[in-house]
Amino acid sequence: MHDLGFVSAILADNSFEEVIDFAAVERFKCVEMMCWPKGKAERRYAGVTHIDVDTLDKDKASYYNDYCQAKGVYVSAMSYYPNPLDPDPELSKTYVEHLKKVIKGAAMMGLKNVNTFIGRDPSKNVDENFKRFEKIWPELIKLAGDHGINVGIENCPMYFTNDEWPSGKNLAISPVIWERMFNIIPDKNFGLNYDPSHMIWQHMDAYQPIYDFRDRLHHIHLKDVKLYPKKLDKVGILANPLEYHSPKLPGLGDVNWSKFFAALTDVKYRGPVCIEVEDKSFEGSKEDIETSLLISRNYLSQFLVL
């Protein structure tokens, strides 16, 4: 019913082949492949390149597809999570141009999905950011549509570190904003890469959006989060969010996964569901990282056919 996979960023030191091999051996059906430009990472879990779209051509695309087919694993999406609305116009342009390459690369691979962020100028309010959204995003979504690609926007606020203060670097954080995005750009290939964990720490309903945006669910992230009420009582909701919550593996946090998968089945979602590991408790070694994926797989197997 749902194809279980994982986000390749956690296997940053592995090659494309090693990522697919691991997925095949451990009974994952798909992988969301990171497609950052090669070079220094901008932040934690960024800068990972398992498919280099700068050098991708038809021969390499055929090789990747043949390798996946031989292993019985598919690429659920090609992904790149920058800040297309960066206040620096040169950086914004650089991010947008690379995102275009990812979209075209996904089409070359014969894929359906590209995942990313809307971006945001954290010093500007929502209305001011929407002015730039209207200038940048219609062209990107048209390009994707022309190439048969769905664009899934992850709903992460990207507010975790002081340089992202005070409102984070991704505009697409709430249902009211998604509605506004989709009213401006009604194209059906423009949708969500939905992650319930970000709703939990923002104190919002993590399950109702699955019903309300059933036609916009292009991809799903499976990540949990643990809220610490005593810490929140001390620092308040205006503090850096990591002062009162931590990303966790599925089953180790506050997401009600039974309710979550019930909602997905209610709306007949049939796309990929990919584990995203950002749990610092499992970063000590390669063994810890691989174990984090297996623990997540084992927990989620109660809702899936592996």
Side-chain angles (χ1 to χ4, degrees), residues 2-12 19 23 26 28-34 43-46 48 76-77 79-81 113 115-117 152-161 164 168-170 172-174 178 191-210 213 217-228 241-242 244-264 269 271-283 288-304:
H2 306 121
D3 290 345
L4 181 64
F6 61 86
V7 180
S8 75
I10 196 62
L11 298 179
V19 171
E26 300 300 345
F28 291 99
K29 294 182 179 179
C30 59
V31 180
E32 178 185 347
M33 286 290 181
M34 294 298 102
R43 62 177 189 272
R44 189 163 162 253
Y45 304 118
V48 178
S76 66
S79 300
Y80 171 51
Y81 295 96
N113 296 320
N115 295 331
T116 190
F117 290 143
I153 303 298
E154 187 181 352
N155 54 301
C156 175
M158 285 309 298
Y159 176 23
F160 299 107
T161 54
E164 295 160 347
K169 293 186 176 180
N170 184 29
I173 63 172
S174 66
W178 308 335
L192 298 173
N193 174 28
Y194 185 66
D195 182 331
S197 70
H198 302 304
M199 307 298 282
I200 298 291
W201 69 261
Q202 290 183 93
H203 303 272
M204 290 190 284
D205 189 324
Y207 317 102
Q208 187 59 41
I210 294 172
F213 295 91
L217 299 177
H218 294 327
H219 200 274
I220 298 291
H221 272 180
L222 305 177
K223 184 167 83 266
D224 216 328
V225 64
K226 186 68 178 176
L227 282 170
Y228 301 102
L242 283 178
Y244 56 82
H245 89 276
S246 294
K248 301 297 292 181
L249 303 185
L252 300 184
D254 296 324
V255 175
N256 183 330
W257 291 103
S258 178
K259 190 172 182 179
F260 180 79
F261 278 99
L264 287 183
Y269 175 80
V273 291
C274 290
I275 298 161
E276 184 182 26
V277 176
E278 294 185 353
D279 191 328
K280 289 185 177 181
S281 300
F282 293 88
E283 293 183 342
D288 283 351
I289 289 171
E290 292 181 353
T291 297
S292 71
L293 288 168
L294 302 185
I295 290 173
S296 301
R297 179 204 64 189
N298 292 349
Y299 175 80
L300 293 166
S301 66
Q302 64 187 302
F303 307 110
L304 304 162

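In this text the structure is predicted, and so the values were computed from the model without any measurement.
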With sequence neighbours excluded, residues passing ring pair (Phe, Tyr, Trp, His ring centres under 6.0 Å) with [X]:
X	value
Phe282	none
Phe28	Phe6
Phe213	Trp178
Tyr244	none

Task: Any donor-acceptor N or O pair under 3.5 Å, side chains Asn193, His221 - done: yes
Could you tell me which residues satisfy salt bridge (charged side-chain N to carboxylate O under 4.0 Å, His left out) with [X], sequence neighbours excluded, listed by chain and number?
X	value
Asp254	Lys226
Asp224	none
Lys223	Asp195, Glu276

Can you confirm whether [X] sits close enough to [Y] that some side-chain heavy atom of one is under 4.5 Å from a side-chain heavy atom of the other?
X	Y	result
Gln302	Phe261	no
Tyr299	Trp257	yes
Tyr228	Ser246	yes
Leu294	Glu26	yes
Phe260	Ile220	yes
Pro196	Tyr207	no
Leu300	Leu4	yes
Cys274	Cys30	yes

Task: Worked verdict on Asp3 versus Val273 for side chain to side chain contact (heavy atoms under 4.5 Å, CB included) - done: CA-CA 6 Å; Asp3 290 345; Val273 291; over 6 Å; no
Taking all non-hydrogen atoms of both residues, which atom of [X] and which atom of [Y] are closest, and how far apart?
X	Y	result
Val48	Ser8	CG1-O, 4.4 Å
Ala77	Asn115	CB-ND2, 3.5 Å
Gln202	Ile173	NE2-O, 3.5 Å
Ile10	Val277	CD1-O, 3.7 Å
Leu222	Pro250	O-CG, 3.7 Å
Ala206	Ile200	CB-CD1, 3.9 Å

Open item on the list: Among residues at least two apart in sequence or on other chains, which ones pass side-chain contact (heavy atoms from CB on, under 4.5 Å) with Asn298?
Closed with: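 For Asn298 there are no side-chain contact (heavy atoms from CB on, under 4.5 Å) partners, ignoring immediate neighbours.
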Task: Worked verdict on Glu32 versus Ser76 for side-chain hydrogen bond (donor to acceptor under 3.5 Å, both in side chains) - done: CA-CA 5 Å; Glu32 178 185 347; Ser76 66; 5.3 Å; no
Task: Evaluation steps, side-chain hydrogen bond (donor to acceptor under 3.5 Å, both in side chains), between Asp279 and Ser281 - done: CA-CA 5 Å; Asp279 191 328; Ser281 300; 3.3 Å; yes
Contacts of [X] that satisfy side chain to side chain donor-acceptor pair (under 3.5 Å) - sequence neighbours left out:
X	value
Glu154	His198
Thr161	Asp163, Glu164
Thr116	none
Glu290	none

Open item on the list: Set out, in order, the CA-CA distance, both residues' side-chain angles and the distance that settles side chain to side chain contact (heavy atoms under 4.5 Å, CB included) for Met199 and Asn155, then state yes or no.
Closed with: CA-CA 8 Å; Met199 307 298 282; Asn155 54 301; 3.8 Å; yes
- [ ] With side chain to side chain contact (heavy atoms under 4.5 Å, CB included) as the test, would you mind laying out the steps for Phe117 and Lys169 before giving the verdict?
- [x] CA-CA 9 Å; Phe117 290 143; Lys169 293 186 176 180; over 6 Å; no
How far does [atom1] of [X] sit from [atom2] of [Y], to the nearest 0.5 angstrom?
X	Y	atom1	atom2	value
His2	Phe303	NE2	CZ	11.5 Å
Lys29	Leu304	NZ	CG	8.0 Å
Ser292	Leu249	OG	CG	5.5 Å

Whether [X] side chain and [Y] backbone form a donor-acceptor pair below 3.5 Å:
X	Y	result
Asn170	Cys156	yes
Tyr194	Gly152	no
Tyr269	Pro272	yes

